[in-house]
Colleague: 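First the structure, then my questions, so here it is.
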Amino acid sequence: MRRSAFFMPTLKEKPAEAEIVSHVLMLRAGMVRQASAGIYSWLPLGFRVLKNIERIVREEQDAAGAQEVLMPTIQAADLWKQSGRYDDYGKEMLRIEDRHGREMLYGPTNEELITDIFRHAAKSYRDLPKMLYHIQWKFRDEVRPRFGVMRGREFLMKDGYSFDLDFEGAKKSYNKMFVAYLRTFARMGLKAIPMEAETGPIGGDLSHEFIILADTGETEVFCHADLLDYDVLAESIDFDGDLSPIVDYWTKYYARTDDMHDQAAYEAAVPEDRRVRRRGIEVGHIFYFGDKYSQPLGAEVTTADDRQVAVHSGSYGVGVSRLVGGIIEASHDEHGIIWPEAVAPFRVGLINLKVDDAACSGAAEDLYGKLMNAGVEVLYDDTEERGGAKFAEMDLIGLPWQLVVGPRGLKNGVVELKERRSGERQELSPEAALAKLAS
Ligand code: ATP
Ligand code: MG
């Protein structure tokens, strides 16, 4: 993509409305634009990141055996009345009336709708287990939308749901999602720690929030430092195998948010020099809720010995749009964003330092063409801006690699390659740079 053609309305100044660094940087880099309070339009740079995050989430859900569906954003109120949540949900739910006076709503979540789909399709234990998910916009009329996309009113969520015959089955589904979530966030370059969360009236221990550490996080968190050292992607996973050793490893350590924190238990469980007390951002939540929805909505199957039982379910959410801000909170410096490779909007920022110099432009154009042919995603700054402004913008938008072509280097047959994260620069021939970036 040529910078001269790319729609990326960057801002030089810090926008007054933004309180935290990810919001500031997303606005400055022209990734999103607020449409109204807590509701955003995604501009090309931001949308590319959102799609990369979505793709990783999807790949891990598919690997874990969940199947993708797409449910609507608008739902009928009837199902919510059956589950009893129509009144409970309160003002966070956006309620709509259609032209026939029917009560509708913009879905804040989808337990009712998926249970309705499931109950009409599944009749027997042979239809189980099943895991279904979708990636769809949600609306919650939050009291205080803030921090940009981190706490929006409209936001993109992956929500998945499992259906099992009994608790043992449900626990297996839960473990699959537990491990899929560990992998999902690790692939985005994040350290996300599963922390014990409220289970509500169901009790038990099958509720975890996945939290990434960042100073601007809304919750205070407490955990054992060993959890931060674990390399999730080091082992390959068989989702059909026994995942309980992995889950047991993570859950044997103390890891809780302030809602669940118990200072005495924390001090007893974690040696002083291994205590981590930080702030965190919730990026995912997995939750077993038994027959909470299957019972009132009548999602029952016949067992092998011909009994009718309500299925056991869980729900599994990932804050896809929140992650865009969350990743920036976890990965930036004073100059701007530092995208982990896997979610970066482009892999390479190619800078032509002197567009009116024939040799310089020739070399830059040649590299651009060759990188594109090699399938590398490149943002090519071919504008007439001065060098300083180009460097500052590339640092701001945080592409993993910057490749700089200038007349002085070219005289010696070299271009400069800078790694955004470390700031390390090296001079090398255009061919060597190409070989490195195309690998
Ligand atoms: P929170 O405690 O942050 O309000 P929640 O517990 O209500 O979130 P869930 O219902 O568990 O959220 O939703 C699943 C995921 O969706 C959350 O882990 C979070 O990443 C994301 N999410 C929830 N609310 C918002 C929001 N207002 N804006 C952006 N993402 C959100
Ligand atoms: Mg939650």
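Counting starts at 1 for both ligands and their atoms, following the listed order.
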Colleague: Does E218 reach ligand 1 with a nitrogen or oxygen that is under 3.5 Å from one of the ligand's nitrogen or oxygen atoms?
Modeller: no

Colleague: Please test W250 against Y230 for ring-ring contact (aromatic ring centres under 6.0 Å, His included), starting from the C-alpha separation and ending with a verdict.
Modeller: CA-CA 9 Å; W250 285 88; Y230 192 92; 5.0 Å; yes

Colleague: Quick one: do E142 and R153 make a salt bridge, cutoff under 4.0 Å?
Modeller: no

Colleague: Using non-hydrogen atoms of the residue, decide whether V283 is closer than 4.0 angstrom to ligand 1.
Modeller: yes

Colleague: Give the atoms of ligand 1, by number and element, whose distance to some non-hydrogen atom of G284 is under 4.0 Å.
Modeller: 18 (O)

Colleague: Would R48 and F346 count as a cation-pi pair here, with the cationic atom under 6.0 angstrom from the ring centre and within 45° of the axis?
Modeller: yes

Colleague: I need the contact type for M157 against ligand 1. Using non-hydrogen atoms and a strict under-4.0 Å cut-off, is it side chain, backbone, both or neither?
Modeller: side chain

Colleague: Output the list of atoms in ligand 1 that are nearer than 4.0 Å to some heavy atom of E142, sorted by atom number.
Modeller: 24 (N), 26 (C), 27 (N)

Colleague: Which of the listed options, F155, F139, F147, holds the heavy atom that is closest to atom 31 (C) of ligand 1?
Modeller: F155

Colleague: Tell me which donor-acceptor pairs under 3.5 Å the side chains of residues 58-70 have, and how far apart each pair is, sequence neighbours excluded?
Modeller:
unit_1, atom_1, unit_2, atom_2, d
R58, NE, E68, OE1, 2.7
R58, NE, E68, OE2, 3.3
R58, NH2, E54, OE2, 3.1
R58, NH2, E68, OE2, 3.0
E59, OE1, R187, NH1, 3.2
E59, OE1, R187, NH2, 2.6
E60, OE1, R183, NE, 2.9
E60, OE2, R183, NH2, 3.3
E60, OE2, R187, NH1, 2.9
Q61, OE1, K158, NZ, 3.2
D62, OD1, Y133, OH, 2.7
E68, OE1, Y133, OH, 3.4

Colleague: Checking ring-ring contact (aromatic ring centres under 6.0 Å, His included) for the pair Y316/Y181: CA distance, chi angles, key distance, verdict?
Modeller: CA-CA 9 Å; Y316 312 93; Y181 275 38; 7.1 Å; no

Colleague: Looking only at distances, can you tell me whether any N or O atom of R140, backbone or side chain, sits closer than 3.5 Å to an N or O atom of ligand 1?
Modeller: yes

Colleague: So is E209 polar-close to ligand 1, meaning N/O to N/O under 3.5 Å?
Modeller: no

Colleague: Is there a salt bridge (charged side-chain N to carboxylate O under 4.0 Å, His left out) between R421 and D333? Walk through the geometry before answering.
Modeller: CA-CA 9 Å; R421 184 171 297 279; D333 64 14; over 6 Å; no

Colleague: Just heavy atoms, cut-off under 4.0 Å: does V149 contact ligand 1 by side chain, backbone, both, or neither?
Modeller: backbone

Colleague: Is R278 positioned over the aromatic face of F222, cation under 6.0 angstrom from the ring centre and no more than 45 degrees off axis?
Modeller: no

Colleague: Please state whether the rings of Y266 and H261 are parallel, tilted or perpendicular, taking 30° and 60° as the class boundaries.
Modeller: perpendicular

Colleague: Just let me know how R151 lines up against ligand 1, side chain, backbone, both or neither, with a heavy-atom cut-off below 4.0 Å.
Modeller: both

Colleague: Under 3.5 Å between any N/O of G152 and any N/O of ligand 1: does that happen in this structure?
Modeller: yes

